[in-house]
Every structure is written in structure tokens, then in C-alpha cells.
Chemist: 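Okay, here's the structure, questions in a sec.
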Protein chains: 2
Amino acid sequence: MSQTVDRALSILPLLAEGPADLGTVADRLGVHKSTALRLLRTLHEHGMVYRQSDQRYRLGARLIALAQEAMENLDIREIAHPHLVRLNERIGHTVHLAVYEEDEVLYIDKVESRYPVRMYSRIGKPVAITVAAVAKLLLADLPEPERRALAEKLDYPMYTSRSTPNAAAFLRELDKAREQGWASDLGGHEESINCVAAPVRGADGRVAAAMSVSAPNVVVTADELLTLLPLVRRTADEITGEYSGKTPAKDAP
Amino acid sequence: MSQTVDRALSILPLLAEGPADLGTVADRLGVHKSTALRLLRTLHEHGMVYRQSDQRYRLGARLIALAQEAMENLDIREIAHPHLVRLNERIGHTVHLAVYEEDEVLYIDKVESRYPVRMYSRIGKPVAITVAAVAKLLLADLPEPERRALAEKLDYPMYTSRSTPNAAAFLRELDKAREQGWASDLGGHEESINCVAAPVRGADGRVAAAMSVSAPNVVVTADELLTLLPLVRRTADEITGEYSGKTPAKDAP
DNA sequence: AATGAACGTTGCAATCAATGCAACGTCCCT
DNA sequence: AGGGACGTTGCATTGATTGCAACGTTCATT
């Protein structure tokens with residue numbers, strides 16, 4: 001809608017790939033160097049980009065601070081956190097909380113496993129949307145046309161032999177998740193890691209977030225992990241109770 | 001420099017305070033509603049803001065994901081992390097890593113205490129710049145005029161009776177930190193929490209980051225915490241060795 | 001049920017801000 | 001000393017951005 005702002009914002013993901021100099025930015029934007037310079041200057045004034053000692057630009061500190069505040073404003077996170085911690089204390093494995101927003105699913109909270117073997121994931125990182133247990137629950141709740149459209153649009157990378165291979169399979173997964181009220185990922189993202197997940201609902205009954213427990217094969221088998229499912233679901237339901245009670249029916253992350 | 005982009009970016013900190021509707025945004029920007037609408041639309045297209053079910057805007061998921069990538073690009077963080085973990089395993093207390101960038105100091109990594117009592121802090125959050133031990137080390141290394149200018153510009157909130165009260169006292173703190181090569185915060189931010197910190201240097205000898213160990217009084221006294229100082233300094237030096245060796249003298253966060 | 005307020009949205013014409021160009025400065029490498 | 005690469009600035013032109021006014025909806029009030 002606004003060309004100037006559009007261009008300026010396009011610089012950010014570009015810099016997220018790594019530091020870049022003025023010429024590179026100008027080329028990738030398809031604009032004159034002087035134009036890119038002025039956009040970068042404006043971004044700089046707002047702390048969104050930083051100029052390193054070698055004059056190249058990279059993403060700035062303000063961006064990180066803003067994102068931090070953004071997450072702190074998610075009330076579901078505040079409500080859920082103590083529950084996640086309690087669950088973690090009880091079972092020891094890694095616990096995640098994720099939300100869906102405009103074609104992306106991302107982790108907004110994480111409590112680390114107390115076992116020495118830890119899995120890689122990061123708060124704020126988009127999850128592997130086609131295989132993650134939490135993603136299945138979040139997408140399963142979308143209105144049918146939107147769900148279908150999204151499924152068609154996605155890529156289906158074969159992280160492992162058990163990854164969801166295509167849109168049809170994915171939609172089946174979603175139906176299953178919706179029916180049973182929980183979801184799992186058994187080695188679909190990383191060969192040796194399994195997850196079980198349960199949904200958190202808002203006052204309107206819609207899925208507002210999803211939580212999961214993940215553990216590597218070496219610690220517990222998939223079967224053992226499924227044993228924990230009732231506990232995971234109960235925790236999710238507790239969060240649902242608190243969240244759907246507290247919110248004035250607005251805010252659906 | 002660019003009015004349109006400037007206005008658009010001004011919306012973000014505004015939304016960081018909490019969700020806002022169109023009229024509010026327009027008022028606070030001092031522009032017509034239609035103008036605000038178009039800016040918000042552009043931000044929306046880039047996922048920087050999200051429109052909740054009640055039509056109000058809040059910060060979006062892409063912003064969070066971008067910040068995530070920004071942090072992953074900080075090589076000092078990658079290098080330091082294992083050292084922080086190891087230190088934490090050895091002493092159990094909370095370990096932080098912080099960098100300075102354009103008048104802000106922020107935590108870019110954290111390893112949680114293994115004691116039940118935990119302190120509040122968050123990766124990505126700007127630290128209390130006038131009292132935090134890490135901030136003293138980072139600012140102490142700035143060129144004299146810049147340091148002075150910044151000290152004058154800062155606010156000196158009295159979090160506790162031991163907070164740094166004014167610019168003069170702060171500059172003395174910085175001098176002390178520079179001389180002794182480490183810094184502490186003894187109840188200057190929260191009455192019962194103490195920290196000790198040590199600097200990490202880049203290939204050029206400048207302070208590139210600072211790390212700290214924090215613990216509440218109830219777990220260890222300030223004196224006991226100071227006992228750990230040699231260990232903290234040694235860890236920081238190890239990181240310095242690895243970082244200043246590895247980097248091609250560019251990139252100074 | 002009707003009225004009115006509040007809010008978001010759209011089309012339009014005027015203006016002002018963004019653009020690309022070209023020239024300049026600086027640094028670095030040959 | 002010369003050439004190349006890169007960042008920076010002033011300027012005239014153009015076209016994107018702006019505020020306005022009118023419209024559409026939703027929601028609360030009478």
C-alpha cells in the first residue's frame with residue numbers, strides 16, 4: 001500500500017540473512033543506492049538496524065526489544081507459563097507453547113528439559129508447520145476454506161521418512177487432530193524426537209494456543225511418551241479454564 | 001529522513017505498550033485516520049502487526065521471528081553460550097550475557113539458575129543501564145566523550161537506596177569498572193539481588209560483551225558471590241580468547 | 001424499532017515528500 | 001599516482017502520500 005514503507009520493511013528480512021552493505025541492499029530492493037541509504041538511515045534512527053564497524057548493516061537492538069515486549073503482551077503466555085513450569089517439574093521433558101498467526105506457527109514459550117539431552121528450538125522461531133504436533137492442532141481449528149488454502153500453499157519438506165508428505169496427508173492429519181483433541185509428531189521432524197500436544201482454547205471455544213511435550217527416543221520411547229498424554233491434556237485444560245475465564249472475549253492470538 | 005517510514009516505525013513502540021485501535025494510533029501519530037490505516041496495512045502485509053478479532057492492532061509474529069534471527073546472527077552469542085552453560089552447571093546461579101548498542105544494553109543470552117528462587121529478566125529486554133554490572137563494563141569502554149554524553153543523558157531511577165543516583169556517581173562507577181576489569185551490582189536494582197560481571201573483548205581489545213552471575217541474598221551473600229569472581233573472569237577470558245581469535249576484526253556489537 | 005454515535009474504509013485532488021541522477025569524497029588496492 | 005569500489009549529498013522531476021469528505025457498519029441508546 002505504501003511503497004516507501006513497503007521497501008523499508010523489505011530490508012529487514014533481507015538483513016536477517018546476515019549483514020549486508022549498502023550496494024547489496026539497493027540491488028536486492030531494486031532501487032538506487034541513494035534511496036536505499038535513506039531508507040536504512042530511517043531504520044537506523046529507530047534502532048531497527050545497526051551499522052557495524054565495517055559499515056555493513058544488520059538488524060538492531062530495538063527490534064529485539066520490541067519483539068520482547070510483543071511477547072510479554074500475549075496474555076495467554078503469562079497465564080500458561082506457571083502451568084508449563086509445573087508440568088516440566090513433574091515430567092522433566094521439554095515443554096512448548098505455540099500460537100498461530102497468519103500462516104505461521106511459532107513458539108512463544110519453552111521450559112527446558114531437565115534431562116541432559118536437549119532438543120533444539122527457540123522461542124520466537126517459526127515451527128516446522130507441516131509436522132509439528134502443535135501446528136496440527138492450531139491449523140486443525142481454522143475454518144475449512146482457510147485451512148484448505150493454507151495446506152495447498154505450504155511446502156512439505158521431508159525432514160525424515162515420517163514427515164507429512166503432501167497437502168492431502170496433512171489435511172488428514174488435521175482432521176485426526178480435531179477429532180481426537182490432541183496430536184503427536186513421532187519422528188516427523190527429527191528422527192529421534194517425539195512430541196505429544198494438546199490445545200488451549202479461548203472463551204469462544206476456538207483453539208488459541210497449543211502446548212506440547214517433547215522428548216528424544218533415547219530418554220523415553222514413543223509409547224512411554226503417549227503415557228503422559230492425559231497429563232498434558234489436563235494441563236492444557238487447566239490453562240483453557242483460566243484463559244477463557246479471564247479474557248473479555250477479545251484478543252485471539 | 002523518510003517521513004512515511006518514520007511514521008510507520010513510530011507505530012511499533014506505540015503498539016508495544018499494548019493493543020490499540022485505528023483512532024488511537026492516528027491520534028498518537030498526529031495524522032489523519034486514513035493515513036494511519038494505510039501505514040498499518042503496510043505493516044500488516046509484512047507481518048509486523050496483527051489485527052486481533054476485536055479489530056485492534058498489536059505487534060505481529062514476523063517481528064518476533066525477525067528478532068529471533070537477529071539474535072542468532074550474533075556470533076558472540078553462539079561462541080559464548082556453551083561457556084555460560086558450563087559456568088552455570090558449576091555454580092548453579094543465573095548467568096547472563098549482554099551487549100551494548102546505541103544507548104541500550106540488552107541481554108542476549110541467559111542460563112537460568114538451578115536454585116528454586118529465580119530472578120526476573122528476559123533475553124532481549126533492555127537492562128537497567130545505570131545499575132547493572134554488565135552495563136557498567138560495557139559503557140566503561142566507550143570513548144570518553146561518548147561515555148560522558150550518555151551519562152548526562154540518562155535517567156537515574158532509584159530502584160533501591162543503593163542505586164546509582166546521578167551522572168557523576170555513574171561515571172565514577174565506570175572508571176572503577178574499567179580499572180579493576182570487573183563490576184558488581186550489590187542490591188542496586190533489586191534489594192536482595194547481587195551480581196558480579198566480567199567483560200568479553202573482541203580482537204581489537206574493545207569490550208564486545210559482558211557476562212554476569214546473579215544470585216539473591218537468600219541463596220548466597222554478597223561476599224560469597226564475590227568469591228566466584230575469579231571463575232567468572234576466567235570464563236569471560238575464555239570466551240574472549242575464542243571470540244577474538246575467530247572474528248576477522250569486523251562486527252562489533 | 002429507530003436514531004445516532006463511533007469507527008473503519010474508500011475515492012479524489014492537491015501537494016509535498018520520495019526518487020534517481022550525477023557529481024563528489026574517501027578509502028583501499030594496485 | 002591512478003583506478004576502482006563504496007558511501008554520501010544537492011537537486012529537479014515525478015509520482016506517491018496526504019487529508020478531506022462521504023459512505024458503510026456495527027453497536028449502544030432512546
Side-chain angles (χ1 to χ4, degrees), chain A residues 1-12 14-15 17-60 101-102 143 203-204 206 247-252, chain B residues 1-12 14-15 17-60 101-102 143 203-204 206 247-252:
Chain A
M1 306 261 96
S2 167
Q3 187 186 74
T4 320
V5 177
D6 184 51
R7 283 173 172 170
L9 293 178
S10 302
I11 293 177
L12 300 178
L14 192 156
L15 290 184
E17 297 168 17
D21 61 23
L22 178 60
T24 309
V25 173
D27 284 352
R28 303 245 340 232
L29 281 188
V31 299
H32 197 267
K33 279 186 308 179
S34 58
T35 304
L37 177 67
R38 288 181 282 241
L39 294 175
L40 281 164
R41 272 225 260 266
T42 310
L43 288 168
H44 181 98
E45 276 178 5
H46 287 258
M48 304 294 283
V49 306
Y50 177 71
R51 196 151 201 198
Q52 323 186 137
S53 42
D54 63 356
Q55 298 243 286
R56 292 187 305 163
Y57 294 89
R58 62 167 171 73
L59 296 178
E101 184 179 314
E102 319 244 3
D204 53 2
R206 299 280 312 276
T247 46
K250 60 184 176 187
D251 199 327
Chain B
M1 305 260 92
S2 167
Q3 186 186 74
T4 319
V5 177
D6 184 51
R7 284 174 172 170
L9 293 178
S10 301
I11 293 177
L12 300 178
L14 191 155
L15 291 184
E17 297 168 17
D21 60 23
L22 178 61
T24 310
V25 173
D27 284 353
R28 303 240 347 227
L29 280 188
V31 300
H32 196 266
K33 279 186 308 180
S34 57
T35 305
L37 176 67
R38 287 180 283 238
L39 294 175
L40 281 164
R41 273 223 261 264
T42 310
L43 288 168
H44 182 96
E45 275 178 5
H46 287 258
M48 304 295 283
V49 306
Y50 178 71
R51 198 150 200 200
Q52 331 186 127
S53 42
D54 63 355
Q55 296 241 287
R56 290 188 306 164
Y57 294 89
R58 62 169 171 72
L59 297 178
E101 185 180 312
E102 320 244 3
D204 54 2
R206 299 279 313 277
T247 46
K250 60 185 176 186
D251 199 329

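The analysis underlying the following values was restricted to heavy atoms, covering all of them including side chains, and did not include hydrogens, waters or symmetry mates. Sequence lines set the chain letters: A, B, ... in the order given, protein chains first and strands last, and positions in each chain run from 1.
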Chemist: When all nucleic acid strands are considered with a 4.0 Å heavy-atom cut-off, which category describes B:S2: base, sugar-phosphate, or nothing?
Modeler: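 Answer is sugar-phosphate: B:S2 comes under 4.0 Å of backbone atoms only.
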Chemist: D:dG7 P sits how many Å from A:L40 CG, rounded?
Modeler: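 After rounding, the reported distance stands at 10 Å.
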Chemist: Counting side-chain heavy atoms from C-beta on, which of C:dC21, D:dG7, C:dC7 comes nearest to B:K33?
Modeler: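 Looking only at side-chain atoms, B:K33 lies closest to C:dC7.
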Chemist: Give the nucleotide from the list D:dT8, C:dT19, D:dC20 with an atom nearest to the side chain of B:S34.
Modeler: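 The answer is D:dC20, which lies nearest to the side chain.
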Chemist: Looking at D:dT8, D:dG19, D:dT17, which one has an atom nearest to any side-chain atom of B:T4?
Modeler: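 Within the option list, the nearest is D:dT17.
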Chemist: For A:M1 and A:G23, find the nucleotide of DNA chain D closest to each by heavy atoms; which residue's nucleotide sits nearer the 5' end?
Modeler: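 By nearest-heavy-atom nucleotide position, the 5'-most residue is A:G23.
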Chemist: Answer yes or no: is there a side-chain heavy-atom contact under 4.5 Å between A:L39 and A:R7?
Modeler: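 Contact flag for A:L39/A:R7 side chains = yes.
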Chemist: Mind calculating the distance between CG (B:D27) and C1' (D:dG19) to the nearest angstrom?
Modeler: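 In whole Å, D:dG19 C1' lies 14 Å from B:D27 CG.
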Chemist: To the nearest Å, how far apart are B:H44 NE2 and C:dT9 C1'?
Modeler: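 Atom NE2 in B:H44 sits about 15 Å away from atom C1' in C:dT9.
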Chemist: For A:H32 and D:dG10, what is the distance between atoms NE2 and C1' respectively, to the nearest whole Å?
Modeler: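 Rounded to the whole Å, the gap is 13 Å.
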Chemist: Starting at CG of A:L12, measure out to OH of A:Y57 and round the result to the nearest 0.5 Å.
Modeler: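 Rounded to the nearest 0.5 Å, the CG-OH separation comes to 13.0 Å.
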Chemist: Mapping A:R41 and A:Q3 onto DNA chain D by nearest heavy atom, which one lands closer to the 5' end?
Modeler: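 Mapping each residue to its closest nucleotide by heavy atoms, the 5'-most match is A:R41.
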Chemist: Nearest-Å distance, CG (B:D54) to P (D:dC27)?
Modeler: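 Between P of D:dC27 and CG of B:D54: 12 Å.
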Chemist: Pairing donors with acceptors under 3.5 angstrom, does anything connect the side chains of B:R28 and B:T24?
Modeler: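 No - no donor-acceptor pair under 3.5 Å links their side chains.
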Chemist: Counting only side-chain heavy atoms from C-beta out, which of D:dT8, D:dG19, C:dG8 sits nearest to A:L22?
Modeler: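 That would be D:dT8.
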Chemist: Output the single nucleotide from C:dC7, C:dG11, D:dG7 whose closest atom is nearest the side chain of B:R38.
Modeler: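 Nearest listed nucleotide: C:dG11.
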Chemist: What I'd like to find out is whether the side chain of B:R206 reaches to under 4.5 Å of the side chain of B:P143, using heavy atoms alone.
Modeler: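 Sidechains of B:P143 and B:R206: in contact.
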Chemist: Taking atom C1' of C:dA18 as reference, at what distance in whole Å does atom CG of B:D6 sit?
Modeler: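 In whole Å, C:dA18 C1' lies 14 Å from B:D6 CG.
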Chemist: Which listed nucleotide (D:dT18, D:dT17, D:dT9) is nearest to the side chain of B:R7?
Modeler: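 Nearest nucleotide to the side chain: D:dT18.
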Chemist: Measure CG/A:L37 against C1'/C:dC24 and give the value in whole Å, please.
Modeler: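 Checked: the CG to C1' distance equals 15 Å.
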Chemist: To the nearest 0.5 Å, what is the distance between NZ (A:K33) and CG (A:D21)?
Modeler: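 Between atom NZ of A:K33 and atom CG of A:D21 there are 10.0 Å.
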Chemist: A:R56 has an atom CZ; how far is it from atom P of D:dC6, in whole Å?
Modeler: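 The distance from CZ of A:R56 to P of D:dC6 comes to 12 Å, rounded to the nearest Å.
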